[in-house]
Amino acid sequence: METLLAFKVKGGVLCLADSSVNHSIVKMKDDEDKILEIDGHKLLLSAGEAGDRVQFTEYISKNIKLYSLRNSYPMSTPAAANFIRNELATSIRSHPYSINLILAGYDKEVEDGGTSLYYMDYLGSLQKLNFGCHGYASYFLLGLLDRHHKCDLSLEDGINLMHLCTTELKTRFLVSGKYTLKFVSSEGIKVLPFNAPQ
Amino acid sequence: MARRYDQRTTIFSPEGRVYQVEYAMTAIRHAGATVGILAKDGIVLAAEKKTTAKLLDSSTSISEKMFKIDEHVVCAVAGITSDANILINYARLSSQRFFYQYQEPMPVEQLVSQICDTKQGYTQYGGLRPFGVSFLYAGWDRHYGFQLYQSDPSGNFAGWKATSIGGENSQVAQSVLRSNYKPDISLKEALQLALKVLTKTMDRSNINSEKLEFSYFTKQGDNVVYHIFTAAELDAFIKETDLEQETEDN
């Protein structure tokens, strides 16, 4: 029932994740941050088994930190995406992690204005996309994004599109709650206030 | 008792030296000289060939002491070639492993540092002989552009603008490089300088394609290209350079 959504806008990537932790039919909390900030220019969105999520994202972020300490330059977002995919693909044969991920980042040397967005699932697939969505929400949102998303949207229009998406979820999706919104660009990571329709 | 501290690689002498490592470095001086020069638009590697038996069939391998590790890294060897082959094989494996994990070419310094970790291991652990090889690594990556590194049997490495390994006259080579190197040297000038260095350290009558190996790295557009001179190209280059120097002298 979790929702991860990210799309490129002009100069950066907007990332939205729901804030709920559920156990069986019980809502445990509604202010969980599922968008991990890695090294100032990467955002890792994760959804899935709560324990796996924390364990795996922490393991990944510490390894990316170790890489930057060893080499005195950060790992690029494409390299990080392939590294994470590789970890998922090797672990699925012995100790599988039940988590789906989206990685968004900004690197000066990457083509298309420096922004990159990668979609990964627990089976170890990796896709480079302009917008990506995990969970049941994708049934409602992909069509909406096909219609409205453009890579050169301004940040403001991007935020409006996020509101359009959450309004659609509020209208049609059985469950919906609070969200976290973050933005990564050349200036780093910004946490944006986001009030979902009540 | 004089030989008390040089039997093992892993113990210090009372003066604080590790003799086996020093002997390995001495072994390298018996090899032909290898020169590396970093230019603004590329890197030159040049070497003196020591084994030039008439009956040796050199058509099976283009190069005796220069080895391609990956599309963006090559190395030149001075020392025991069989030892070098082990490390080169390891370097190629490392580079491909990095690419497999990150889908991105391995940054040159990481590769050099990894091979040097292996070399260092043999100076510290267990009764084995250290690798009797020095390397010059030439490569390009997006972090630092063209780079030239030198490593020795102790596992030390450093980045250089111009340097040489091996050869009995390494002092001469170093001083020729020091006095002729300019920070904005072009690839062509670097090739000529490499030839000049080898001319000064070798027997003058031996300056021909049978005794020399030349190669360079440069960029064509977005691609890094590596080129090893064929015998004909090398002889033509030597002839052309000699002519230019003669006209300068006049």
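Since this is a predicted model, take the numbers as computed values, not measurements. Quick note on labels: first sequence line is chain A, next is B, and so on, each numbered from 1.
- Taking NZ of B:K161 as the reference point, atom CD1 of B:I37 lies at 13.5 Å (rounded to 0.5 Å).
- Contact tally against chain B (heavy-atom pairs below 4.5 Å) for A:M75, A:R85, A:E87: the top residue is A:M75.
- Contacts between A:F83 and chain B at a heavy-atom distance below 4.5 Å involve backbone atoms as well as side-chain atoms.
- Only the side chain of A:N86 comes within less than 4.5 Å of a heavy atom of chain B; its backbone N, CA, C and O stay farther away.
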For a ring pair (Phe, Tyr, Trp, His ring centres under 6.0 Å) check, start with the C-alpha distance between B:Y226 and B:H72, then their side-chain angles and the critical distance, and finish with the verdict. CA-CA 8 Å; B:Y226 176 60; B:H72 65 299; over 10 Å; no
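- With a threshold of 4.5 angstrom between heavy atoms, B:E104 approaches chain A through side-chain atoms but not through N, CA, C or O.
- Summarising the geometry, atom OG1 belonging to A:T3 is positioned 9.5 Å from atom CZ belonging to A:F140; distances are rounded to the nearest 0.5 Å.
- Residue contact with chain A, scored on non-hydrogen atoms closer than 4.5 Å, is absent for B:F99.
- For the 3.5 Å distance criterion, the side chains of A:N82 and B:Q101 fail to qualify, holding no donor opposite an acceptor.
- At a threshold of 4.0 Å, the pair B:K65-B:E48 does not count as salt-bridged, since none of the basic side-chain nitrogens sits closer than that to a carboxylate oxygen.
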